[in-house]
Amino acid sequence: MKYKNPNLPVEERVEDLLARMTLEEKMQQLHCTGSLATFDEYYQEMLDGKARMDSSIYTYRNFDPAHINRMQEYCMNETRLGIPLLVAVEGTHGGAVPMMTVFPTTGCISATFDESYAYKMAVAEAKEAKACGFNQMYAPNCDLLREPRWGRSEECYGEDTLVVTKMCEQVTKGLQENGIGSTAKHFIGFGSPESGLNMSAAHLGEREIREFMLPPFEACVKAGAYGIMPNYLEVDGIPMHANRYWLVDVLRKELGFEGMVINDYGAAGLLYNVCKVADTILDVGKIYMDTQIDMEACSNVAYSPDLKAAIEKGEMPADCLDNAVRRVLTMKFKLGLFENPYCDETTWREKVYTKEHRALAREIAEKGLTLIKNDGVLPLKGGENIALIGPNAEIAQLGSYTYYNYRDPDKTVDCVADRAMPLQQAMEEKFGADKVKTARGCGFALYDETMAAQAIEIAKQADVIVFAGGHNSIGAFGGEQEGLAKETSHDLNWAHTSGEGADMCDTDLLYPQKMLLKELAKLGKPIVLLVYSGKPLSITDELPICNAVLWTYGVGCEGNPVVADMLAGDVIPSGRLPFSLPRSVGHLPCHYNHYRQGKGNLYKQHGSLEKPGKDYVFSEPTSLLPFGYGISYTAFAYENLTAERQGDTCKVCVTVKNTGEYDAEHSVLIFARNVRTKIVSGVVKKLVAFKRIKLAKGEAKRVEFDIPMQQFAYIGVDMKYVPAHGEILIFTDEQTTSFNA
């Protein structure tokens with residue numbers, strides 16, 4: 001049989017296998033099962049003849065790779081054609097299963113402004129996933145962060161198109177070069193849900209989508225991504241899974257994507273039961289055939305017995321079904337699953353949570369943690385009595401899409417999240433247990449006078465207060481549907497405030513933390529605020545009363561020792577914010593690259609409580625801190641910025657000098673503005689290049705960029721790119737120049 005011959009071209013093998021398949025076997029290839037049962041439970045279903053699928057399986061629950069092998073053996077040896085399974089896992093910042101390394105959240109990776117870290121993380125993820133029997137990852141997340149109220153904004157690489165594009169491109173390469181099929185998500189506009197509510201509608205124009213949100217997906221397609229996952233939203237009123245324009249005309253035809261499109265979990269049911277855009281279940285299947293969605297997860301609504309019956313009766317053309325099956329089989333052949341779908345049950349534990357991967361998780365934290373205020377209190381001098389206070393003081397806040405053992409009734413003894421060092425332990429090891437006194441002081445949603453009083457009493461005896469605040473992402477995975485998880489999710493001390501399904505109507509620091517910080521500030525002690533949050537927060541009230549603020553994101557399994565080292569000055573901060581911080585929820589949206597007429601550019605009379613104005617009456621429309629902001633324990637000066645067009649590129653050069661007292665790393669960001677555009681209004685500022693450099697104290701370095709002229713183009717009235725013309729302004733942190741396009 002040709003399809004079993006690895007020496008033949010993939011296309012020939014696919015056609016040979018497709019010709020041998022029955023309609024039932026074809027339909028099975030379009031099904032993905034998951035995710036609340038464990039792998040051993042699914043395997044038992046196979047043995048009992050109850051399995052609902054023959055193509056793909058997805059779960060985040062406790063598992064033994066041996067069960068994956070048994071399922072693959074069943075499919076390869078006990079089914080008529082021997083077609084292997086796709087076995088999928090979430091991979092936002094490490095595999096979301098118990099034993100895999102948990103890296104810092106995606107915002108922290110972007111805060112490095114070095115896409116090589118996205119690649120290195122993806123390589124590590126792929127090696128671990130493959131060792132455990134997985135062959136597909138739902139990553140990268142290409143969503144552009146435009147809505148900080150949305151809980152899933154912590155999964156995004158940030159608000160800037162260039163940063164998100166470069167990071168996602170490297171994740172795709174890192175996964176696929178190491179035998180894991182990348183599935184980029186969530187096509188398209190998922191980061192802009194109405195009211196910040198997960199799965200609500202997005203109000204986006206085509207130009208905005210094309211200019212800001214499409215490039216990351218285009219880069220993943222060009223990098224060879226095997227999969228794409230659409231989002232749940234209605235975009236301009238049309239549910240994305242029913243949107244032929246974006247899924248076929250743009251994704252398939254315009255971008256040339258030939259891989260597999262898999263729906264997001266349960267989306268077919270939403271079309272019928274919630275959006276009600278289909279009169280019958282059969283109509284859902286027809287929609288999927290029309291929009292060329294190839295696999296349904298994790299239900300059997302679109303590719304149902306009704307669709308099968310319609311094809312058998314000749315009421316539906318079979319070629320649409322065949323095309324979908326072709327794309328699924330092509331992915332399996334390209335991944336080499338027909339030759340070797342198995343993992344090594346004897347060695348897999350040696351290949352996960354390795355010393356090398358833990359070191360990488362630590363390095364990303366070292367390069368990404370972002371200092372946004374420091375009046376000189378940091379680094380700590382040593383010998384201080386430290387009051388460690390806050391709801392994140394005694395735990396390891398790793399970010400969502402992380403498996404937490406205590407939430408799973410199956411429980412595993414090898415849970416990486418359980419091994420992650422809490423901040424309290426890291427601080428005690430760094431500064432001495434006798435120098436660090438700890439009290440939570442408040443919960444994530446609970447302000448308790450007794451808890452607060454205990455914290456205040458400890459703070460009175462301290463020289464400096466370190467407040468571990470921010471969000472709580474523990475809750476999205478690891479048995480969320482079971483027992484303890486439900487109880488814990490509704491405990492005010494441990495409220496789940498960020499991550500999938502944890503959307504907020506406000507962007508402020510959580511109320512109990514605001515209250516406690518105000519009380520602590522009355523003591524007159526120096527306060528260092530640590531913000532554990534993978535998404536933007538409004539810290540407008542807290543910034544003035546804190547002496548230093550360090551953004552720690554979802555810190556990753558090795559991150560809290562880095563926090564302690566950074567407070568001590570053994571690690572020099574070098575991260576820069578991958579998103580803007582809003583002054584309040586009323587200031588949304590607050591992304592930096594807005595159109596020219598926005599953000600108070602009309603009246604230019606920003607108001608305050610002391611002096612009312614016109615934009616806003618009692619405030620100003622700018623962000624509290626902009627995208628790209630970040631300081632260090634040292635200082636940098638910029639000189640001699642030049643820009644000159646050289647054919648299809650613009651040569652930009654700038655001299656950067658480390659003028660402080662520490663050797664350090666620094667990311668140089670180059671922004672641009674088109675002074676004049678045709679009909680379409682341009683943005684006030686756009687990141688066009690970035691580069692991370694090392695500078696010893698006192699050292700100066702000439703940094704050069706060859707920027708493609710395409711970076712200065714914009715989407716015109718015909719929805720196509722218009723080349724830049726006329727004067728282009730170029731900005732760095734401290735200098736401005738221009739060149740003629």
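All residue numbers in this chain count up from 1 along the given sequence. In what follows, every heavy atom counts, from backbone to side chain, and hydrogens, waters and symmetry copies are set aside. Model, not experiment: these values are computed from the prediction.
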Inset, instruction - Would you mind reporting whether S632 and H666 have side-chain heavy atoms less than 4.5 Å apart? - result: no

Legend entry - Heavy-atom side-chain contact between Y592 and K599 under 4.5 Å: no

Inset, instruction - Could you point out which residue of D236, V250, L204, L144 forms a side chain to side chain contact (heavy atoms under 4.5 Å, CB included) with I209? - result: L204

Legend entry - Value rounded to 0.5 Å, distance of CG in L581 from NZ in K535: 13.0 Å

Inset, instruction - State, without any angle test, whether T370 and Y553 hold a side-chain donor-acceptor pair at a distance under 3.5 Å. - result: yes

Inset, instruction - State the CG-CE distance between D706 and M709, to the nearest 0.5 angstrom. - result: 12.5 Å

Inset, instruction - Report yes if some heavy atom in the side chain of Y721 is under 4.5 Å from a heavy atom in the side chain of I715; otherwise report no. - result: yes

Legend entry - 4.5 Å side-chain heavy-atom contact, K120 and I364: no

Legend entry - Closest non-hydrogen atom pair, I730 against A672: CD1-CB, 3.9 Å

Inset, instruction - Step by step, work out the side-chain contact (heavy atoms from CB on, under 4.5 Å) result for L550 and L378. - result: CA-CA 10 Å; L550 179 66; L378 294 180; 5.5 Å; no

Inset, instruction - Please report the C-alpha distance between Y138 and I262 in whole Å, then the side-chain angles of each, then the deciding distance to 0.1 Å, and finally whether the side-chain contact (heavy atoms from CB on, under 4.5 Å) criterion is met. - result: CA-CA 10 Å; Y138 296 150; I262 179 171; 3.6 Å; yes

Legend entry - Side-chain touch P140/T172, heavy atoms, less than 4.5 angstrom: yes

Inset, instruction - Kindly give the heavy-atom pair with the smallest separation between T507 and S584, and that separation in Å. - result: OG1-C, 3.4 Å

Legend entry - Donor-acceptor side-chain pairing of S400 and E500 below 3.5 angstrom: no

Legend entry - Spacing of Y117 atom OH and L360 atom CG [to the nearest 0.5 Å]: 8.0 Å

Legend entry - Distance (rounded to the nearest 0.5 Å) between S580 OG and H591 NE2: 8.5 Å

Inset, instruction - Salt-bridge test for D506 and R149: reply yes if a basic N is under 4.0 Å from a carboxylate O, no otherwise. - result: no

Inset, instruction - Step through the shown structure and confirm whether more than 12 heavy atoms of other residues, nucleotides or ligands are within 6.0 Å of NZ on K611. - result: no

Inset, instruction - Could you tell me the separation between the OG1 atom of T291 and the CZ atom of R244, rounded to the nearest 0.5 Å? - result: 8.5 Å

Legend entry - Short side-chain to backbone donor-acceptor contact, Q513 and G470, under 3.5 Å: yes

Inset, instruction - Report yes or no: does D615 contribute a side-chain atom to a donor-acceptor pair with the main-chain N or O of K604 at less than 3.5 Å? - result: yes

Inset, instruction - Would you mind checking if D541 and K514 are paired as a salt bridge, meaning a charged N to carboxylate O distance below 4.0 Å? - result: yes

Inset, instruction - Would you please say whether a donor-acceptor pair under 3.5 Å links the side chains of Q397 and N472? - result: yes

Legend entry - Closest contact, heavy atoms only, P239 versus C275: CG-SG, 3.9 Å

Inset, instruction - For S538 and T540, indicate whether the former's side chain and the latter's backbone hold a donor-acceptor pair under 3.5 Å. - result: no

Legend entry - Side-chain donor-acceptor contact under 3.5 Å, T106 with H93: no

Inset, instruction - Check whether any side-chain N or O of T497 sits under 3.5 Å from a backbone N or O of H471 as a donor-acceptor pair, and report yes or no. - result: no

Legend entry - R676, CZ atom: more than 12 neighbouring heavy atoms under 6.0 Å: no

Inset, instruction - For C505 and V585, work out which heavy atoms get closest and say how close. - result: O-CG2, 3.7 Å

Legend entry - Presence of salt bridge, E620 and R583, under 4.0 angstrom: yes

Legend entry - Backbone of I527 reached by a side-chain donor or acceptor of N547 within 3.5 Å: yes

Legend entry - Backbone N/O of L197 and side chain of S195: donor-acceptor pair under 3.5 Å: no

Inset, instruction - Of all the heavy-atom pairs spanning E159 and N593, show the shortest one and how long it is. - result: O-ND2, 4.4 Å

Inset, instruction - Would you indicate whether the side-chain heavy atoms of H606 and P621 approach each other to under 4.5 Å? - result: yes

Legend entry - Check: K373 side chain, C546 main-chain N or O, donor-acceptor pair, under 3.5 Å: yes

Inset, instruction - Could you verify whether a donor N or O on one side chain and an acceptor N or O on the other, from S619 and H587, lie under 3.5 Å apart? - result: yes

Inset, instruction - Scan side-chain atoms only and decide if T677 and R596 contain a donor-acceptor pair under the 3.5 Å cut-off. - result: yes

Inset, instruction - Could you walk me through whether D264 and M229 pass side-chain contact (heavy atoms from CB on, under 4.5 Å), step by step? - result: CA-CA 6 Å; D264 208 342; M229 181 184 290; 3.5 Å; yes

Legend entry - Close side-chain approach of L214 to L255, heavy-atom, < 4.5 Å: yes

Legend entry - Check against salt bridge (Lys or Arg N to Asp or Glu O under 4.0 Å), R146 and E208: CA-CA 12 Å; R146 289 291 182 89; E208 186 174 6; 3.0 Å; yes

Legend entry - Over-ring placement of R576 relative to F690, 6.0 Å and 45° cut-offs: no

Inset, instruction - Give the intermediate values and the outcome of ring pair (Phe, Tyr, Trp, His ring centres under 6.0 Å) for residues F712 and F739. - result: CA-CA 12 Å; F712 308 102; F739 74 99; 5.4 Å; yes

Inset, instruction - Apply the test salt bridge (Lys or Arg N to Asp or Glu O under 4.0 Å) to residues E90 and K185: give CA-CA distance (whole Å), side-chain angles for both, the deciding distance (0.1 Å), then the verdict. - result: CA-CA 11 Å; E90 300 286 353; K185 58 181 186 178; 2.8 Å; yes

Inset, instruction - Find the distance between CD1 (I670) and OG1 (T732) and round it off to the nearest 0.5 Å. - result: 6.0 Å

Inset, instruction - Please tell me if the side chains of E206 and Y245 come closer than 4.5 Å, counting only heavy atoms from C-beta onward. - result: yes

Inset, instruction - Check the angle between the aromatic planes of F579 and W551 and answer parallel, tilted or perpendicular using the 30° and 60° thresholds. - result: perpendicular

Legend entry - E665 backbone acceptor or donor facing R692 side chain under 3.5 Å: no

Inset, instruction - Using a strict 4.0 Å threshold on nitrogen-to-oxygen distance, state whether E211 and K686 make a salt bridge. - result: no

Legend entry - Pairing of K173 and E115 as salt bridge, 4.0 angstrom limit: no

Inset, instruction - May I ask you to check whether over 12 heavy atoms, not counting those of D648, lie within 6.0 Å of atom CG? - result: no

Inset, instruction - Could you tell me which non-hydrogen atom of P582 sits nearest to which non-hydrogen atom of L588, and how far apart they are? - result: CB-CD2, 3.8 Å

Legend entry - Check: T92 main-chain N/O paired with N141 side-chain donor or acceptor under 3.5 Å: no

Inset, instruction - State whether a side-chain donor-acceptor pair under 3.5 Å links E154 with S473. - result: yes

Inset, instruction - Give the intermediate values and the outcome of side-chain contact (heavy atoms from CB on, under 4.5 Å) for residues V668 and I693. - result: CA-CA 8 Å; V668 182; I693 61 173; 3.9 Å; yes

Inset, instruction - Could you tell me whether the side chain of N374 and the main chain of A548 form a donor-acceptor pair under 3.5 Å? - result: no

Inset, instruction - Would you kindly check if the NZ (Lys) or CZ (Arg) of K691 is within the cone defined by 45 degrees around the ring axis of F705 and under 6.0 Å from the six-membered ring centre? - result: yes

Inset, instruction - Assign the ring pair H241 / Y232 to parallel, tilted or perpendicular, where the plane angle (0 to 90°) is split at 30° and 60°. - result: tilted

